[in-house]
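The structure appears below as structure tokens.
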Amino acid sequence: MSDPNTPPPASDFIRDRVRADLDSGKVQQVVTRFPPEPNGYLHIGHAKAITLVFSIAKEFGGRCNLRMDDTNPEKEAQEYVDAIQDDVRWLGFEWDGLYYASDYFPQLFAWAEQLIENGLAYVDDQTAEQIADSRGTVRAPGKDSPFRDRPVAENLDLFRRMKSGEFPDGSKVLRARIDMAHPNLNLRDPVMYRVRKLHHQRTGDEWCIYPMYDWAHGQSDSIEGITHSLCTLEFEHHRPLYDWFCEKLGIWHPQQIEFARLNVEYMLTSKRKLLRLVEEQHVDGWDDPRMPTIRGLRRLGVPPEALVAFCRHVGIAKVNGTHELALLEHFVRDWLNQHAERRMAVLDPVELVIENWPSPEHVEWLEAGNNPEDPAAGTRQVPFSGKLWIEREDFMADPPKKFFRLGPGREVRLRFGFFVTCTGFDQDDAGNVTCIRCTYDPETKGGNAPDGRKVKGTIHWVSQAHAVAVEARLFEPLFREPDPASADGDAFVAMLRPDSRRGVTAHCEPSLGEATGGQRFQFERVGYFYCDAKDSKPGAPVFHRTVGLKDSWKKVQAKGD
RNA sequence: UACCCCGUGGUGUAAUCGGUAGCACAGCAGUUUUUGGUACUGUUGGUUCCUGGUUCGAGUCCAGGCGGGGUAACCA
């Protein structure tokens, strides 16, 4: 059993580096940051990054900022800014400073002028296409722009006029003057600014030139005094450029360190592909419980503590790998087992009639423990009567020896209730069992026989007269294949599982009728369920199956076949 | 085929200054059990990609292979 507060591994290549920088005195206090672009919702991969950067700051007594990397108004929106903050907080983290890259536009502009003055940046009049063509390829060097050697004064003048809006979109860019033959394509005079006459959600119409990622990101880190700038592996070849800008500017130089992004079986972590699932309505939205977004996992019922425990456990590395879904499920079950109260609900009902029950009106109230893992959770009263619902799969007309549930002549315990012995059953013309007849032993109330006899099986049940029918949604992975990301182009869409969501009516014990959004329960012997805050109405809760219970009977069965 | 990164059981990740492979999940077997859940116990899996070299000793260092991933947006 894992404890969410388990101290993280004592060392890994990032923590080793942080410790070394602290020991050498290179930095006094660790400062990290989580820098999302507010152009979409956060997903499980971000959860890993968030857990990492906030944890490192905390472990070493440092600080961690949340910074919106809002340098491209074309795709960004306030809606995402709000959602990101909400998601980070839901995970249980609180930032020291909330910043926006757009707040640094004036400083960035001044620094760009400084680079121009030092002959390290120039205004290029080429089209995007020409720039792409002249960049060369991975094997062939690029060609210098005809505007590469413009005099400093002309560059300065042009750049200022770019800012004042004199030139149309795409007509000019500011580029760093590095080396068009550099083996690292990122150093072949990368674009720093482009002209985009767009309204920005924070700066309004103040700017019509916007900085590119490489130019904005490292400088923002520097301004905030970030000591360790953690990012994913695909930014490895950007590090030389990150370093170049800081060195040429002579400003505080944070250390960029890359780690492998998180991949989990059956999950996609490409914003583009997730957007497509939403737009084509393969899912109900970004918060669909089948989505790997933080909001989706939240509505699935995954507790934030479990998600964070998972993120801590997976550790960090420089190799991209894929984690088994079973590992995530382990952490989810682990937390839920300790915290979720138990209830009884029948998802696929079949009638059970107790033939020797005193009278149709007779009801016995039984005491049921709320959580065997937590006595403090107390008990509740559950009504028992002569007509019940039990799970269809808990009865077999001709059961094998290893089946411990109900069958003709067999005795089982009805959880918290009585021992019942099956005396017979009815079937319809198609052979479906329609009713199971039993007798009960009044001496076994509560579930124990005074004569000490044992039963091998215990099954759950719900009194028909008291049952509350509610909607339960059963989810399975969105994709049929464990690695949908491996599909080329549009192929991932064809991998969608047709029945990844199934709605059923759950017949529940009365107390479940009053469940409210956000509550989590274990439906005994079935699985963990989350009361969805979005679709539930007072008196009409909607439950989402977060994860099933482990089922060792299913394994025995599979072997028998 | 240019450059960069990486290569430990099924999966993921550990192993101080080089000392002889650990942990979690999954799997298997069993004990306990008023959830075939939980808990507990035991256990199967690794020639640490390969080949050489240095060394008393290498997963750890060196060389050469092989394999995997990444990179050519006025996106981040």
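All figures in this text were calculated on a predicted structure; none of them were measured in a lab. The analysis underlying the following values was restricted to heavy atoms, covering all of them including side chains, and did not include hydrogens, waters or symmetry mates. Quick note on labels: first sequence line is chain A, next is B, and so on, each numbered from 1.
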Charged tip of R202(A) within 45° of Y100(A) ring normal and under 6.0 Å: yes
Distance (rounded to the nearest 0.5 Å) between R17(A) CZ and H228(A) NE2: 7.0 Å
Atom pair CZ (R415(A)) and CZ (F384(A)), whose distance is rounded to the nearest 0.5 Å: 14.0 Å
K555(A) side-chain N/O to C28(B) phosphate OP1/OP2 under 4.0 Å: yes
Below 4.0 Å: OP1/OP2 of C75(B) and any side-chain N or O of R194(A): yes
Output the single nucleotide from [options] whose closest atom is nearest the side chain of [X].
X	options	answer
R139(A)	U1(B), G37(B), C3(B)	U1(B)
L327(A)	C6(B), C25(B), U35(B)	C25(B)
V138(A)	C6(B), G10(B), A72(B)	A72(B)
N320(A)	A72(B), A76(B), G69(B)	G69(B)

Geometric class of the H323(A)/F310(A) ring pair [parallel <30°, tilted 30-60°, perpendicular >60°]: perpendicular
Given RNA chain B, 5'-ward residue of the pair G136(A) and E37(A), judged by closest heavy atom: G136(A)
Which residue lies more 5' along RNA chain B, comparing W553(A) with H323(A) via nearest heavy atoms: H323(A)
